[in-house]
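First the structure, in the form of structure tokens, and then the observations on it.
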Amino acid sequence: MKKIFLNLTFLLVMIWSAGFAQTVKDLGVFAQHTGNPVIPAYLADASFFYDAKTNAFYAFGTNDGAGGGNVFPPQAWYSYDGKTWKNKIIDLPKSWTDFAGTTAVWAPSMIYYQPTRKYYLMYSINFNVFIAMSNSPLGPWEDANGEAPGKMFFKGYDGQFFVDDDQKVYFNFNSNPFRIIKFRFDAAGKIFFDNDDARFTKTEATEFLGSYHYVLAAGLKNAFEASFIYKRKGLYYLMWSFKGSEEYNVRYAVSKEVTGPYTELDSSETVPILQRDDKNNILGPGHHSVFDYNGHTYIAYHRQHFPFVDSKRQTCIDEMLFNTDGSIKKVTPTHRGVQLKKIAPAKSKNLALGKQTLTSSDRVYANGPYAKRYRTHDISFKYEGKYAVDENYGTHWDAGLDAKEPWIIVDLAADHKIDSIETMFEFTSRAYYYKLEYLNAKDAGSLATVAAQKNWKMFTDRLASGAKLSPVTDRVKQPVNARFVRLTITHADIPKTADESDPVNADNALSIFELKVFGK
């Protein structure tokens with residue numbers, strides 16, 4: 001009887017837990033401490049990758065924030081817990097940029113290939129596909145073209161690797177209808193077209209490598225771009241994005257063979273599994289990747305920064321679930337996000353979280369109707385200082401287009417021994433020139449009057465050297481006693497505009513995602 005009671009208790013707990021998990025209330029778009037966006041940057045076309053060798057997560061994508069040309073150079077983002085992210089500039093082979101330039105560096109794909117023990121990274125530059133290889137997921141990268149070293153493979157974009165269970169490597173790319181090709185590798189890890197597979201019956205000539213054979217995933221409904229192949233329980237899922245901008249959404253078709261034909265499963269080509277959610281202020285989720293980790297399947301995708309400014313897209317992650325027939329359940333895009341790993345307790349507390357701020361100026365969002373582009377209407381919104389201390393990468397403080405040497409002051413509410421300050425500037429691969437200062441309570445007075453004080457003490461001076469990559473952490477050898485912290489930005493190497501069709505909202509100014517202050 002006791003055993004039956006214990007089993008029943010366990011069953012009730014499991015049912016309660018499952019119900020609770022499905023009904024956890026999401027956070028708001030302007031909430032503190034959100035999980036989505038997951039990366040503090042404008043990173044679009046999310047290629048998300050978990051690497052078992054290094055036990056870390058990696059995110060590659062299109063640097064956003066400068067219109068269709070985007071922002072060069074590209075960055076690799078990495079995290080050991082799925083929450084705290086750092087970035088590294090990707091040094092692309094010079095032959096690539098000599099040939100194709102440095103604009104439209106789009107939509108990468110990343111894999112680790114066990115047979116060669118190499119990592120492979122694809123980028124399309126101005127619609128030219130290049131592939132590099134490395135012994136590390138963070139590089140250094142060397143060209144992987146075995147047929148024509150240093151050259152492009154073919155004309156195309158939005159390419160994605162797929163490694164099948166038998167370790168055969170395929171590559172799907174371009175807009176509807178999508179093309180699928182097959183690669184082979186030599187002993188050194190270099191890549192060649194595999195034109196010996198009889199299933200690939202169509203041929204395309206290339207500029208440097210002769211020709212490649214391919215199959216077309218033809219006959220798909222509502223397909224546009226950003227195709228991605230995922231395999232589960234013997235079924236191949238060819239997924240893609242439809243429409244664009246704030247209307248982006250994700251659909252799919254399935255096949256029992258990687259080469260197709262791909263067909264609709266339970267309205268999968270007609271009804272999106274991931275789409276905008278106006279009620280929760282989530283716009284344009286799409287151009288995704290899918291990865292498995294710790295028994296769960298996750299979808300990484302970009303969405304528009306809110307309030308809407310096109311070409312300021314950000315990477316988000318949510319869980320992807322399946323029905324018993326193999327169809328994908330509708331994905332709920334969230335602000336809460338997911339917890340990929342158990343997060344270790346922080347060694348030092350962010351003393352600035354949720355604290356009062358004072359700024360030199362705040363930008364106002366223009367929310368009126370606009371014929372050329374959708375806007376988030378009927379909201380009264382300023383990019384205030386409070387959005388720099390909320391641990392929400394979907395918000396930021398913006399001083400405005402005409403701001404000269406803008407500043408933000410954080411009131412820590414009492415004196416604290418602070419030893420480091422982390423700043424997340426809006427354009428994470430660009431140089432910002434700034435200084436950080438502090439005052440203790442005795443020397444400062446109130447938040448209302450502290451800006452006029454002349455006795456600010458220097459914490460960090462980067463007015464001459466600048467910081468060329470963020471997030472950037474400034475430390476002192478000995479902790480200082482401070483209640484107020486002031487960041488002043490003098491200038492920065494930022495792109496002028498994110499979207500030429502909406503200059504009122506999309507012209508870029510001096511801005512930060514987050515300012516974190518650490519100490520006791």
Side-chain angles (χ1 to χ4, degrees), residues 30-33 40 346-364 381-393 395-426 432-467 470-492 509-520:
F30 299 129
Q32 287 187 13
H33 207 64
K347 295 181 180 179
S348 187
K349 182 181 179 181
N350 176 15
L351 302 170
L353 177 61
K355 295 300 194 298
Q356 285 188 296
T357 62
L358 183 68
T359 61
S360 55
S361 58
D362 300 316
R363 186 172 184 167
V364 177
F381 181 73
K382 291 197 298 184
Y383 296 91
E384 297 177 65
K386 65 181 180 181
Y387 297 123
V389 291
D390 59 359
E391 293 190 4
N392 178 348
Y393 302 147
T395 64
H396 63 280
W397 166 61
D398 190 324
L401 295 175
D402 299 324
K404 304 297 183 184
E405 300 192 5
W407 49 260
I408 177 172
I409 297 172
V410 181
D411 182 357
L412 303 178
D415 282 343
H416 296 274
K417 295 291 185 181
I418 66 171
D419 52 30
S420 62
I421 300 174
E422 182 182 75
T423 310
M424 300 179 182
F425 292 101
E426 186 178 19
Y432 283 75
Y433 299 82
Y434 65 94
K435 62 180 178 179
L436 287 162
E437 301 167 291
Y438 68 96
L439 276 178
N440 59 37
K442 179 180 178 182
D443 295 337
S446 68
L447 179 62
T449 61
V450 71
Q453 294 289 343
K454 304 297 183 182
N455 54 343
W456 285 90
K457 299 178 178 65
M458 189 67 70
F459 187 90
T460 298
D461 184 345
R462 292 184 183 260
L463 296 176
S465 61
S470 71
V472 57
T473 300
D474 292 296
R475 294 182 173 89
V476 290
K477 292 182 179 180
Q478 295 295 328
V480 299
N481 194 41
R483 173 176 173 174
F484 299 96
V485 172
R486 179 168 69 181
L487 166 70
T488 304
I489 309 171
T490 57
H491 61 290
L510 299 176
S511 177
I512 62 171
F513 282 122
E514 285 292 317
L515 185 67
K516 298 181 179 181
V517 180
F518 298 100
K520 296 181 180 180

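Residue numbers start at 1 and run along the sequence shown. This one's a predicted model, so the numbers in the text were calculated from it and none came from an experiment. Hydrogens, waters and symmetry mates are skipped; everything else that's a heavy atom, side chains included, is used.
- The two residues T357 and G385 come nearest to each other via the heavy atoms OG1-C, 3.3 Å.
- K435 NZ to T460 OG1: the interatomic distance, rounded to the nearest 0.5 Å, is 12.0 Å.
- Within the model, atoms NZ of K457 and CZ of R486 stand 12.0 Å from one another, a figure rounded to the nearest 0.5 Å.
- Expressed to the nearest 0.5 Å, how far CD of E514 lies from CG of N350 amounts to 7.5 Å.
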(request) Verify side chain to side chain contact (heavy atoms under 4.5 Å, CB included) between V480 and F459, making sure each step is shown before the conclusion. (result) CA-CA 8 Å; V480 299; F459 187 90; 4.0 Å; yes
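- Formation of a donor-acceptor pair under 3.5 Å by the T473 side chain with backbone atoms of E422 is not found in this model.
- Within the 4.5 Å cutoff, no side-chain heavy atoms of Y432 are placed close to those of I512.
- In plain terms, the two heavy atoms of A352 and V389 that are nearest each other are O-CB, 3.3 Å.
- At distances below 3.5 Å, not a single donor-acceptor pair connects side-chain atoms of S470 with backbone N or O atoms of M424.
- In this structure, CZ in R363 is found 11.0 Å from CZ in F381, a value given to the nearest 0.5 Å.
- The side-chain heavy atoms of L487 and I421, taken from C-beta on, include no pair separated by under 4.5 Å.
- Judged as a salt bridge (Lys or Arg N to Asp or Glu O under 4.0 Å), and not counting sequence neighbours, the contacts of D411 are R483.
- Between V450 and W456, some side-chain heavy-atom pair lies under the 4.5 Å cut-off.
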(request) Start with the C-alpha distance between I489 and E405, add both sets of side-chain angles, then the distance that settles side chain to side chain contact (heavy atoms under 4.5 Å, CB included), and finish with yes or no. (result) CA-CA 5 Å; I489 309 171; E405 300 192 5; over 6 Å; no
(request) Under the side chain to side chain contact (heavy atoms under 4.5 Å, CB included) rule, what do H416 and V517 come out as? Steps first, then yes or no, please. (result) CA-CA 10 Å; H416 296 274; V517 180; over 6 Å; no
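- Counting only heavy atoms from C-beta outward, the side chains of D443 and Q453 never approach each other to under 4.5 Å.
- When atom types are taken as modelled, the side chain of S511 and the backbone of E426 share no donor-acceptor pair closer than 3.5 angstrom.
- Nearest heavy atom pair, residue T359 against residue W397, reads CG2-NE1, 3.5 Å.
- Each of F425, Y387, Y383, F30 was compared with H396 under the ring pair (Phe, Tyr, Trp, His ring centres under 6.0 Å) criterion, and only Y383 meets it.
- Formation of a donor-acceptor pair under 3.5 Å by the N392 side chain with backbone atoms of A31 is found in this model.
- Residue T423 comes nearest to L515 through the heavy atom pair OG1-CD1, 3.4 Å, listed as atom of the first residue, atom of the second, then distance.
- At most 12 heavy atoms of other shown residues, nucleotides or ligands fall within 6.0 angstrom of atom CG in D402.
- Taking CD1 of I409 as the reference point, atom CD of Q356 lies at 12.0 Å (rounded to 0.5 Å).
- Between P40 and P471 there is a side-chain heavy-atom pair separated by less than 4.5 Å.
- Within the model, atoms OG1 of T488 and CZ of R462 stand 15.0 Å from one another, a figure rounded to the nearest 0.5 Å.
- The shortest non-hydrogen separation linking A509 to G400 is CB-O, 3.4 Å.
- Using a 4.5 Å cut-off on side-chain heavy atoms (C-beta onward), D474 and Y434 make contact.
- The two residues Y393 and K516 have their closest heavy-atom pair at OH-NZ, 3.6 Å.
- Residues D390 and T395 are in side-chain contact: their nearest non-hydrogen atoms beyond the backbone lie under 4.5 Å apart.
- More than 12 heavy atoms of other residues, nucleotides or ligands sit less than 6.0 Å from atom NE2 of H491.
- N440 contributes no side-chain N or O that, together with a main-chain N or O of D415, makes up a donor-acceptor pair within less than 3.5 Å.
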